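Shown next, in structure tokens, is the structure this report addresses.
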Amino acid sequence: MAKEITPREENYSQWYNDIVKKAGLIEHSPVRGCMIIKPHGYAIWENIKAQLDKMFKETGHVNAYFPLLIPKSFLSKEAEHVEGFAKECAVVTHHRLMNNPDGPGVVVDPTAKLEEELIIRPTSETIIWDTYRNWIKSYRDLPLLINQWANVMRWEMRTRPFLRTAEFLWQEGHTAHATQTEAVEEARKMHEVYARFAEDYMAMPVIKGAKSDSERFAGAEDTYTIEAMMQDGKALQAGTSHFLGQNFAKAFDVKYLDANNKEHLVWATSWGVSTRLIGALIMTHSDDDGLVIPPRLAATQVAIVPIPKPNEVINEVTQQIMGELRSAGISVIYDDDKKKRPGFKFAEHEMRGIPVRIGIGMRDLENNVVEVARRDTKEKTSVPVDGIAQYVENLLEEIQANLFNKAKAFREEHSHECSTYEEFKALLEGKGGFIYANWDGTPETELAIKEETGATIRCIPDDNSTPTGPCMYSGKEAKYRVLYAKAY
RNA sequence: AGGGGUGUAGCGCAGUCCGGUUAGCGCACUUGGUUUGGGACCAAGGGGUCGUAGGUUCGAAUCCUAUCACCCCUACCA
């Protein structure tokens, strides 16, 4: 059949591309770097979004929507910020097309040039802080805790589905606070929310930490990150949370009066995760047979396949089982497509990452059992129809836990402590993975290591970043014990 | 952005070097039949401006030029 997936061992990039296409997650669009997210891919995003949105609301945030187009002048208000994004902004210069006077098709109407050019948002800090200036007058207006779900555009040279696309979907939280302490607490709180989401819902273990100066968000004072290990040993930054200090308050003149009628600049945070998480999900759990989706993010948790062709008896039992599963809050589909044989359906549901498959045939029903197959281990078990919902409920939890444990074991296996640079280089040339080593805290050392090995400081871990000796590279006194890796 | 590769039916490809009837094959699709416990089989069908735009030629999928897209490897970025 034409549905084969390139094995990871053979070509990891090709494997990834095969998964996103053959599991029906995306299609390429006519525009470079943009992707059409198909229903099966978008369903994963919807579940990510639903859960995160709930967690944001639980932590006191509300949603709003700010416009796609931003006046060009806004981008230049915060120096570091503009430096970070200027290179990859799409610019709207005209507002009208016209029929081509010299032939077929349409051309840009040269008389429709905009007075001020508009930027398609690469992120929304500027438009949001321009707005916040009017919303914040008093300490009573603080904290302001707003999130938005949106698309953004960054004109990337090299794109890959989900991991790096020109347009992507994300959420961006933007908050304003009266004090530095509060703002730092907010940034750290959302950092925790991201980590909890990654581990509990995506079943993806992450290392929490802070970014070094060079890896920090343009315009931030501190950037917190969650870093996950992919199956090729490379690190993927899965979510960032920034303490922005007063940089945007200064740039956009956002001040409030305190209880003593004294004026102060506000303190800010921003934090975001994107459709990149879907890429992370794929590269954390999937295998050579296709996609693997953790049960908590699977839009369809169970697929029921009748064997052989559906008949009255099978239909009846299926309806009963589906009713019980749905009552237990489990999402289930019945694949009674008469044109496909069971074997084909098995392979297809595996390709698409459905966590559990139930096969129902006459041979099973004679014994009042069904065949339950789990996607993560491919294990098949005969299970009594009686109590099936409870069994599947437990199984889904077990799969969720197993995926997390497997990913964590993989990460531990590919994580190393390292004290000399020679050892460091040898590790990178070999299996790669995460390497913990001492760092003198200078950007020079960081840059030199990056240029010589390709590995970067992924983060200064929140836990246990006390140095255990001198800097691996310079031999000088180390400031931190940091996580090095090659990264996406 | 540098190097390499590929664009021919929805998908995977042959044909291109050496120009020559109506451009093929496998899968998928449609119809009918037989099947059905891990990607079924038989038969009959439908589907193509050969990536796009120019050029050379009596004649172009094939030669030339330009351009676009995608993939791989480096470098850069979430």
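Computation of the quantities below employed the complete heavy-atom set of this structure, encompassing side-chain atoms and omitting hydrogens, waters and symmetry-equivalent molecules. Reminder, nothing fancy here: chain letters follow the sequence lines and each chain counts from 1. For clarity, every value in this text was computed on a predicted model and none was experimentally measured.
- Residues that satisfy the side-chain contact (heavy atoms from CB on, under 4.5 Å) test with A/A183, not counting sequence neighbours, are A/H177, A/F243, A/W267, A/T269.
- Looking at heavy-atom distances under 4.0 Å, A/E350 makes contact with a base.
- In terms of modelled atom types and a separation under 3.5 Å, the side chain of A/D18 and the main chain of A/I5 share no donor-acceptor contact.
- Across all strands, A/D364 comes closer than 4.0 Å to base atoms (heavy-atom distances).
- For the OP1/OP2 pair of B/C41 and a distance below 4.0 Å, the side-chain nitrogens and oxygens of A/R341 include no atom meeting the criterion.
- Below 30°, between 30° and 60°, or above 60°: for A/F168 and A/W170 the angle between ring planes is above 60°, a perpendicular geometry.
- For A/D109, the side-chain contact (heavy atoms from CB on, under 4.5 Å) partners are A/R96, A/M98, A/T111, A/A112, not counting sequence neighbours.
- Within 4.0 Å (heavy atoms only), A/R357 reaches at least one base atom of the nucleic acid.
- Residue-level contact check: A/G33 touches the backbone only, with heavy atoms under 4.0 Å from sugar-phosphate atoms and none from bases.
- Below the 3.5 angstrom threshold, one finds no donor paired with an acceptor across the side chain of A/K380 and the base of B/G37.
- Contacts of A/L236 with the nucleic acid, taken as non-hydrogen atoms under 4.0 Å apart, are absent.
- B/G46 sits 27 Å from B/U52 when the C1' atoms are compared, rounded to a whole Å.
- Nucleic acid contact for A/E156: base, since at least one base atom lies under 4.0 Å from a heavy atom of the residue.
- One finds no side-chain N or O of A/S13 lying less than 4.0 angstrom from the OP1 or OP2 phosphate oxygen of B/C71.
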